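One structure is given below, encoded as structure tokens.
Since this is a predicted model, take the numbers as computed values, not measurements.
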Amino acid sequence: MLGLLCVPAHAEARDIGRDTLPAGDGWASYGAGTTGGAAADDAHVYTVTDRAGLVRALDNGSDTPKIIRIAGTVDANTDDDGDHLDCADYATGGYSPKKYLAAYDPRTWGSAKPSGPQEEARKASAARQAERVVLPVGSNTTLVGLRGAVLKGASLQVRNADNVIVRNLDLRDAYDCFPVWQPNTGGLGDWKTAYDNLWLTGATHVWVDHVTASDKGHPDEAEPTYFARNYLRHDGLLDITNGSDLVTVSWSRFTGHDKAILIGNGDTVAGDRGKLRVTLHHNAFDSIAQRAPRVRFGQVHLYNNRYEVTDGHRYSVGVSTESGIHAENNAFHTPGHVEAADLVKSWNGTALHQSGTLFNGYPVDLLAIHNAYNGGSERDLTADVGWTPTLHTKIDSAAVADREVARGAGAGRIP
């Protein structure tokens, strides 16, 4: 009893910055696994509270093992003195939204790509913002949030890097001040934005865990419409492209966004064949319109995820060229006007494995429903995706996972 009385009132908290991906936890555990910056010496363990400190710690994306802890709210749209920068601060060369809209109105400009003084000014202005908000994450890095940590306005980019962990972070509002107008001959065109909250491009062995990703601060639905198209300010929440491989995304929350997760960035990117192996488990998709995920080429294990569908929904699971999605025990909640047939969309896809799906509490076969109700506009999918997952944690029933993910996914919820 005396020994118990000598124990401090609170034990020292576990250092989650030293955590590594458990063996067998998805594709990122393949081979050597994913350890991030766990091997960092004390000189390369940082706690940062502003953009300047984060930039120094990232060391221009170096491969040196490092652990970077984010404390409080870090705003990427700040100058070297820490003062906030807004879109007007980045504008240069005479750029103004009003002049840009007048110059490239398709009623007068036509369907050609924008060119000339206002487009050149937009590009120069966009480059100034990119210098601030694009933050490179190098190999052997763990980027972890302390309690309540927020990184806003940033586009974290893991480019041609290996062995990276991103955990316990609220990533919000990768806001593009300078969208580009992209006309096309088949219609009016669209606005194209530049930044994902987190972009894996040519990255390998990456673990994304207990992350919250959103547009919080500047939701796109609050933006105006120009040229009869939504003036979007955000790209993806998490994109995994350009030959990225061996990725596990777990216990994260993707919320309030149009296009959430893209895996594979083109139908003709032959270099992606045999790569883009991704596991998505125990994630929450709340108010996501589409791409949860959309997959090209990759072998993607999608299990024990929870979907809360709201107005504006287009589809959840996108089956695209040569994709092999193995979906197990996922739960979907939708309003009455969204049917089970609306959950899967195919572009040149051929196969989808699905089992154990719950739709508003009832078991459904998404593959059979897709094939029955696609109206001939999409080819029927087969159930043979050509592979069977072996690297995974315990796969719960959809009902159990639904409850666990609702309370456990997202930043600040690591047990």
Side-chain angles (χ1 to χ4, degrees), residues 15-48 51-70 74 76 130-131 133-145 149 151 154-169 171 174 195-211 213 236 238-250 252 261-265 271-272 274-280 298 391:
D15 181 6
I16 61 174
R18 296 281 182 184
D19 286 354
T20 61
L21 178 67
D25 190 349
W27 275 117
S29 68
Y30 184 83
T34 302
T35 59
D41 58 29
D42 289 345
H44 292 93
V45 177
Y46 311 92
T47 299
V48 302
R51 179 193 174 277
L54 178 57
V55 168
R56 286 193 297 270
L58 287 169
D59 190 26
N60 199 33
S62 77
D63 294 345
T64 304
K66 64 184 79 67
I67 297 171
I68 304 172
R69 304 180 180 121
I70 293 181
V74 172
E131 289 177 358
V133 304
V134 173
L135 302 177
V137 182
S139 300
N140 310 311
T141 298
T142 292
L143 189 62
V144 61
L151 177 58
S155 179
L156 291 176
Q157 297 189 3
V158 186
R159 182 184 295 272
N160 300 324
D162 177 70
N163 192 31
V164 172
I165 295 174
V166 181
R167 298 186 79 200
N168 204 46
L169 261 177
L171 303 175
Y195 307 122
D196 305 312
N197 293 36
L198 177 58
W199 183 24
L200 314 184
T201 173
T204 53
H205 286 107
V206 180
W207 181 28
V208 179
D209 178 68
H210 281 91
V211 162
L238 167 61
D239 277 10
I240 304 169
T241 64
N242 298 95
S244 290
D245 198 19
L246 306 176
V247 177
T248 296
V249 183
S250 57
S252 292
I261 300 178
L262 179 64
I263 301 175
N265 57 315
D272 285 342
K275 298 180 180 178
L276 300 170
R277 291 172 289 181
V278 179
T279 301
L280 293 141
L391 296 170

Looking at side-chain heavy atoms only, is the closest gap between [X] and [Y] below 4.5 Å?
X: Thr279; Y: Leu391; value: no
X: Ile68; Y: Leu58; value: yes
X: Val45; Y: Arg69; value: yes

Where at least one partner belongs to residues 19-29, residue pairs that pass side chain to side chain donor-acceptor pair (under 3.5 Å), sequence neighbours excluded:
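Qualifying pairs, neighbours excluded: Arg14-Asp19, Asp19-Arg167, Asp25-His281.
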Pairs flagged by side chain to side chain donor-acceptor pair (under 3.5 Å) wherever residues 32-44 is involved - sequence neighbours left out:
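Sorted result for residues 32-44: Thr35-Asn163, Asp41-His44.
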Start with the C-alpha distance between Asp209 and Ile165, add both sets of side-chain angles, then the distance that settles side chain to side chain contact (heavy atoms under 4.5 Å, CB included), and finish with yes or no.
CA-CA 8 Å; Asp209 178 68; Ile165 295 174; over 6 Å; no
Distance (rounded to the nearest 0.5 Å) between [X] [atom1] and [Y] [atom2]:
X: Leu238; Y: Ile240; atom1: CG; atom2: CD1; value: 4.5 Å
X: Leu21; Y: Leu246; atom1: CG; atom2: CG; value: 11.0 Å
X: Trp207; Y: Thr142; atom1: CH2; atom2: OG1; value: 9.0 Å
X: Thr241; Y: Asn265; atom1: OG1; atom2: CG; value: 4.5 Å
X: Asp239; Y: Leu262; atom1: CG; atom2: CG; value: 4.5 Å

Which atoms form the tightest heavy-atom contact between [X] and [Y], and what is the distance?
X: Tyr195; Y: Ser155; result: CB-CB, 3.9 Å
X: Val74; Y: Ile70; result: CG2-CG2, 3.8 Å
X: Glu131; Y: Arg51; result: O-NH2, 3.3 Å
X: Ala57; Y: Val48; result: CB-CG1, 4.1 Å
X: Pro136; Y: Asn60; result: CG-C, 4.0 Å
X: Val211; Y: Asn168; result: CG2-N, 4.3 Å

Kindly write out the residues that satisfy side chain to side chain donor-acceptor pair (under 3.5 Å) with [X], not counting sequence neighbours, or none if the list is empty.
X: Arg18; value: none
X: Asp59; value: Ser62
X: His210; value: none
X: Asn242; value: Thr201

Holding to side-chain contact (heavy atoms from CB on, under 4.5 Å), I want the full list of residues that pass it with Asp63, two or more places apart in sequence or in another chain.
Ser139, Asn140
For Ala154, all residues meeting side-chain contact (heavy atoms from CB on, under 4.5 Å), sequence neighbours excluded
Ala76, Leu135, Leu151
Partners of Asp245 by salt bridge (Lys or Arg N to Asp or Glu O under 4.0 Å), sequence neighbours excluded?
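Result, salt bridge (Lys or Arg N to Asp or Glu O under 4.0 Å) vs Asp245: Arg277.
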Verify side chain to side chain contact (heavy atoms under 4.5 Å, CB included) between Leu280 and Ile263, making sure each step is shown before the conclusion.
CA-CA 11 Å; Leu280 293 141; Ile263 301 175; 4.1 Å; yes
Partner of Ser244 by side-chain contact (heavy atoms from CB on, under 4.5 Å), out of Val158, Thr204, Asp272, Leu200:
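That would be Leu200; it is the only one of Val158, Thr204, Asp272, Leu200 passing the side-chain contact (heavy atoms from CB on, under 4.5 Å) with Ser244.
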